[in-house]
Amino acid sequence: VQLQASGGGLVQPGGSLRLSCAASGRTSSIHVMAWYRQAPGKERELVAIITFGGTTTYRDSVKGRFTISRDNAKNMLYLEMTSLKPEDTAIYYCSADTPRRYWGQGTQVTVSS
């Protein structure tokens with residue numbers, strides 16, 4: 001399984017971004033997909049997770065602001081981010097479990113005025 005993340009960028013506080021992650025290869029074996037992030041000097045943390053059936057879970061700090069979704073027919077994973085805060089600044093990684101975990105290359109999100 002190969003994952004390609006995109007959609008990061010520089011945005012002002014309160015702004016929005018939509019991240020995308022394209023999966024290729026043995027995508028029929030993917031069960032759970034997720035978004036993680038890693039800020040400078042910090043460990044990678046789970047942001048949101050979605051099962052094949054669409055059940056979602058979010059870390060508390062992004063609840064109500066971020067929405068994870070997937071299109072199984074197109075092998076795509078998305079993260080809609082609104083009301084962005086400077087503390088959301090990080091490299092965002094998508095992952096897919098088959099159950100072996102595969103990682104995308106990461107996309108930088110910077111929230112700054």
Side-chain angles (χ1 to χ4, degrees):
V1 174
Q2 295 80 43
L3 302 172
Q4 181 73 39
S6 61
L10 173 64
V11 63
Q12 292 185 343
S16 301
L17 278 176
R18 187 192 197 206
L19 305 184
S20 299
C21 177
S24 60
R26 297 188 64 179
T27 57
S28 61
S29 60
I30 296 174
H31 300 287
V32 172
M33 300 188 79
W35 288 98
Y36 288 74
R37 66 187 181 188
Q38 186 166 18
K42 296 186 177 181
E43 294 191 355
R44 190 173 298 189
E45 62 184 22
L46 177 65
V47 176
I49 192 168
I50 185 167
T51 67
F52 184 85
T55 301
T56 58
T57 304
Y58 298 90
R59 71 180 301 108
D60 287 345
S61 62
V62 308
K63 285 181 180 178
R65 300 189 298 120
F66 290 12
T67 302
I68 188 172
S69 62
R70 64 192 286 179
D71 185 330
N72 294 325
K74 295 182 179 179
N75 298 314
M76 293 293 297
L77 175 71
Y78 305 100
L79 185 68
E80 191 76 39
M81 304 185 293
T82 64
S83 302
L84 283 161
K85 305 175 181 180
E87 50 263 43
D88 295 318
T89 295
I91 299 175
Y92 284 70
Y93 298 90
C94 55
S95 72
D97 291 354
T98 65
R100 173 187 170 181
R101 181 159 297 165
Y102 294 86
W103 294 96
Q105 87 287 4
T107 184
Q108 176 71 48
V109 173
T110 302
V111 184
S112 175
S113 56

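Every heavy atom of this structure was used, including side-chain atoms; hydrogens, water molecules and symmetry mates were not. Bear in mind the structure is a predicted one, so any value in this text is a computation, not a measurement.
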(message) Tell me the closest heavy-atom pair linking Met33 and Leu3, and the distance in Å.
(response) CE-CD2, 4.3 Å
(message) Is there a side-chain contact between Ile68 and Leu77 in this structure, where contact means two heavy atoms from C-beta onward sitting under 4.5 Å apart?
(response) yes
(message) Using side-chain heavy atoms (C-beta onward) and a distance below 4.5 Å, is Gln12 in contact with Leu84?
(response) no
(request) Please report the closest heavy-atom contact between Ser20 and Met76, naming both atoms and the distance. (result) CB-CE, 3.9 Å
(request) Indicate yes or no: at least one non-hydrogen side-chain atom of Ile50 is less than 4.5 angstrom from one of Trp35. (result) no
(request) Return the minimal non-hydrogen interatomic distance between Pro13 and Ser112, and the atom names on each side. (result) CD-C, 3.6 Å
(message) Using 0.5 Å steps for rounding, measure from the OG atom of Ser95 to the CZ atom of Arg44.
(response) 9.0 Å
(message) For a 4.5 angstrom cut-off between non-hydrogen side-chain atoms, does Arg26 reach Thr98?
(response) no
(request) For the residue pair Tyr92 and Phe66, categorise the inter-ring angle as parallel (less than 30°), tilted (30 to 60°) or perpendicular (more than 60°). (result) tilted
(message) Could you measure the distance from the CZ atom of Arg59 to the CD1 atom of Ile49? Nearest 0.5 Å is fine.
(response) 12.5 Å
(message) Rounded at 0.5 Å granularity, tell me how far OG1 in Thr110 sits from CG in Asp88.
(response) 11.0 Å
(request) Taking Thr27 for its side chain and Ser24 for its backbone only, find out whether a donor-acceptor pair lies under 3.5 Å. (result) no
(request) Mark yes or no for whether Thr82, through its side chain, and Arg65, through its backbone, hold a donor-acceptor pair below 3.5 Å. (result) yes
(request) Determine yes or no for a side-chain-to-main-chain donor-acceptor pair under 3.5 angstrom, with Gln105 supplying the side chain and Ala5 the backbone. (result) yes
(request) Specify the closest pair of heavy atoms between Gly7 and Leu17, including all atoms of both residues, with the distance to one decimal. (result) O-CD2, 3.8 Å
(request) Side-chain contact test, heavy atoms from C-beta onward, threshold under 4.5 Å: evaluate it for Leu19 versus Arg37 and give yes or no. (result) no
(message) Can you tell me how far apart OG1 (Thr107) and CG (Leu79) are? Round to the nearest 0.5 Å.
(response) 11.0 Å
(request) Please answer: with hydrophobic residues joined when any side-chain heavy atoms are less than 4.5 Å apart, are Val47 and Tyr102 in the same cluster? (result) yes
(message) Are more than 12 heavy atoms, taken from residues, nucleotides or ligands other than Glu87, located less than 6.0 Å from that residue's CD atom?
(response) yes
(request) Mind checking the CE-OG spacing from Met81 to Ser16? Nearest 0.5 Å is all I need. (result) 8.5 Å
(request) Rounded to the nearest 0.5 Å, what's the gap from OG on Ser28 to CG on Asn75? Could you check? (result) 9.0 Å
